[in-house]
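The structure appears below as structure tokens.
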Protein chains: 2
Amino acid sequence: MLDLGVLGERVQQLRTGRGLTLQELAERSSVSVSMLSSVERAAKAPTITVLSRIADGLGVPLTRLVAEPSPDRVIVRRAAEQEVSDHPGGWRRTILSPVVPGVNVELLRTELPPGCDAGSFPAYAPGSHEYVVVQSGTLALTVDEQRLTLGAGDSAYFAADVVHGFANPGSEPCVYHLTALIMRPRR
Amino acid sequence: MLDLGVLGERVQQLRTGRGLTLQELAERSSVSVSMLSSVERAAKAPTITVLSRIADGLGVPLTRLVAEPSPDRVIVRRAAEQEVSDHPGGWRRTILSPVVPGVNVELLRTELPPGCDAGSFPAYAPGSHEYVVVQSGTLALTVDEQRLTLGAGDSAYFAADVVHGFANPGSEPCVYHLTALIMRPRR
DNA sequence: GACGTAGTTTCTCTATAGCGAAAAGGGGGT
DNA sequence: ACCCCCTTTTCGCTATAGAGAAACTACGTC
């Protein structure tokens with residue numbers, strides 16, 4: 001449940017931190033002074049539309065006001081090897097998803113040795129997406145000339161209708177999960 | 001500014017995707033049926049307290065409902081900024097997939113304490129599937145009266161149009177990845 | 001076709017969010 | 001002390017969020 005108290009403190013923190021008065025924030029956010037005062041003191045529960053305007057006035061995303069503090073997490077690395085396919089280059093890929101007619105999804109688990117480049121994959125049909133979740137190590141993801149570095153626990157989504165590649169730039173093995181939704185090319 | 005229309009669609013998508021009726025969600029979230037209907041149809045703007053209860057009833061963090069979809073080709077979510085929701089019962093779920101309009105995929109990471117039962121989930125719409133990969137510990141997977149025990153590294157696929165549940169029968173914490181493709185029931 | 005039944009919408013009423021303005025602190029300066 | 005700012009809180013009043021129940025809308029079934 002959301003605590004109105006912490007919400008109020010958060011708003012007030014952001015407002016005073018910016019050196020703004022209730023009056024000034026009221027003008028920027030198009031919310032009345034009295035309402036702002038009530039929200040900060042947790043006297044009233046604003047509607048999302050009003051809270052959204054307040055966030056705009058403060059110049060922060062709405063998420064920032066309602067997000068709960070992120071607890072620290074530790075990615076547990078531990079996985080038994082099963083049926084793996086080793087590729088030239090030293091990396092191994094495990095296909096976890098079974099073959100199901102009519103389902104265009106692949107769930108893969110890939111291990112990249114340190115410094116290994118798994119190469120690039122061609123552009124799939126428009127509408128295809130891929131999700132990547134890095135379990136351990138570091139992954140260098142290249143999507144259409146754009147290069148990203150992901151650490152353990154990071155995830156990424158991208159439209160897979162462009163060339164994309166995977167590599168491990170670090171000195172430790174990299175393990176990541178890949179979910180691919182592949183559309184059929186139009187004919 | 002927040003668009004009430006997309007908020008309503010998002011709530012409805014999550015509700016129907018879980019096979020819930022307005023009535024059932026009303027009981028889980030302690031929000032009246034009429035209010036839920038109004039929110040989904042963007043007829044009224046809920047207060048954050050009510051929206052927070054709706055999010056709880058859906059089992060998603062409040063952030064999930066108000067996050068603005070990112071139009072970027074590549075969406076990266078760092079480990080520190082992922083949505084974690086703690087449930088009564090002690091288990092914890094992390095939503096790894098970003099909010100992308102039109103894509104009905106949920107990529108989840110779940111941690112179950114020893115002996116914890118995450119409960120059962122309703123039958124989703126026909127055509128929905130789920131993939132499970134156990135990262136560590138032991139997972140007791142129940143699919144339509146059939147009970148399976150999965151160890152670290154094991155994976156399973158099942159059509160999610162039946163009741164299914166997750167529990168940790170072991171004495172160690174269980175961590176598993178779940179990929180869900182939720183079809184939306186035609187209306 | 002008539003008749004349930006499950007699900008959603010619409011209706012009515014009350015609690016309260018939200019606004020504008022007035023009142024209550026709170027320092028500084030003369 | 002007093003007065004004059006600026007800032008925040010309080011005070012009506014109106015609009016609307018929110019609950020509960022009735023009314024509508026598919027559907028299957030006999």
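No hydrogens, no waters, no symmetry mates; every other heavy atom, side chains included, goes into these values. Here the structure is a predicted model, which means the values were calculated and not measured. Residue numbers start from 1 in every chain, and the chains themselves are labelled A, B, ... in the order their sequence lines are given, proteins ahead of strands.
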| said: Set out, in order, the CA-CA distance, both residues' side-chain angles and the distance that settles side-chain contact (heavy atoms from CB on, under 4.5 Å) for Leu36(A) and Arg15(A), then state yes or no. | reply: CA-CA 10 Å; Leu36(A) 290 175; Arg15(A) 177 177 64 84; 5.8 Å; no
| query | Do Leu65(A) and Ile48(B) pass the side-chain contact (heavy atoms from CB on, under 4.5 Å) test, and can you show the C-alpha distance, the side-chain angles, and the key distance before you say yes or no? | reply | CA-CA 11 Å; Leu65(A) 297 181; Ile48(B) 39 165; over 6 Å; no
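Taking every heavy atom of both residues into account, Ala167(B) and Leu139(B) meet most closely at O-CD1, 3.4 Å. Nearest approach of Ser32(A) to Ala26(A), heavy atoms of both residues: C-CB, 4.2 Å. Contact between Val50(B) and Pro46(B) at its shortest, heavy atoms only, is CG1-CB, 4.1 Å. Between Thr138(A) and Asn168(A), the closest heavy-atom pair is O-OD1, 3.0 Å. Residues Pro114(A) and Ser171(A) share a closest heavy-atom pair of CG-O, 3.4 Å.
The CG-C1' distance, from Leu25(A) to dC19(C), rounds to 15 Å in whole Å. In this structure, Gln23(A) atom CD and dC5(D) atom C1' are separated by 14 Å, rounded to whole Å. Distance, Leu22(B) CG to dT9(C) P: 7 Å, rounded to whole Å. The CD1-P distance, from Ile54(A) to dA17(C), rounds to 13 Å in whole Å.
Between the NE2 atom in His177(A) and the CD atom in Gln135(A) there is a gap of 4.5 Å [rounded to 0.5 Å].
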Can you tabulate the close N/O pairs, meaning under 3.5 Å, that link protein atoms to atoms of nucleotides 25-27 of chain C?
none

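Distance alone, capped at 3.5 Å, places no donor-acceptor pair between the Gln12(A) side chain and the Glu9(A) backbone.
Side-chain atoms of Phe166(B) and Trp91(B), non-hydrogen and from C-beta on, never get closer than 4.5 Å to each other. Proximity of Val31(A) to Val39(A): side-chain heavy atoms (C-beta onward) are nowhere separated by under 4.5 Å.
Against DNA chain D, the stretch residues 26-41 of chain A makes heavy-atom approaches under 4.0 Å through Val33(A), Ser34(A), Ser37(A), Arg41(A). Of the residues in residues 43-52 of chain A, those placing a heavy atom less than 4.0 Å from an atom of DNA chain D are Thr47(A), in numerical order.
Within the 4.0 Å cut-off from OP1 or OP2 of dC19(C), at least one side-chain nitrogen or oxygen of Arg53(A) is found.
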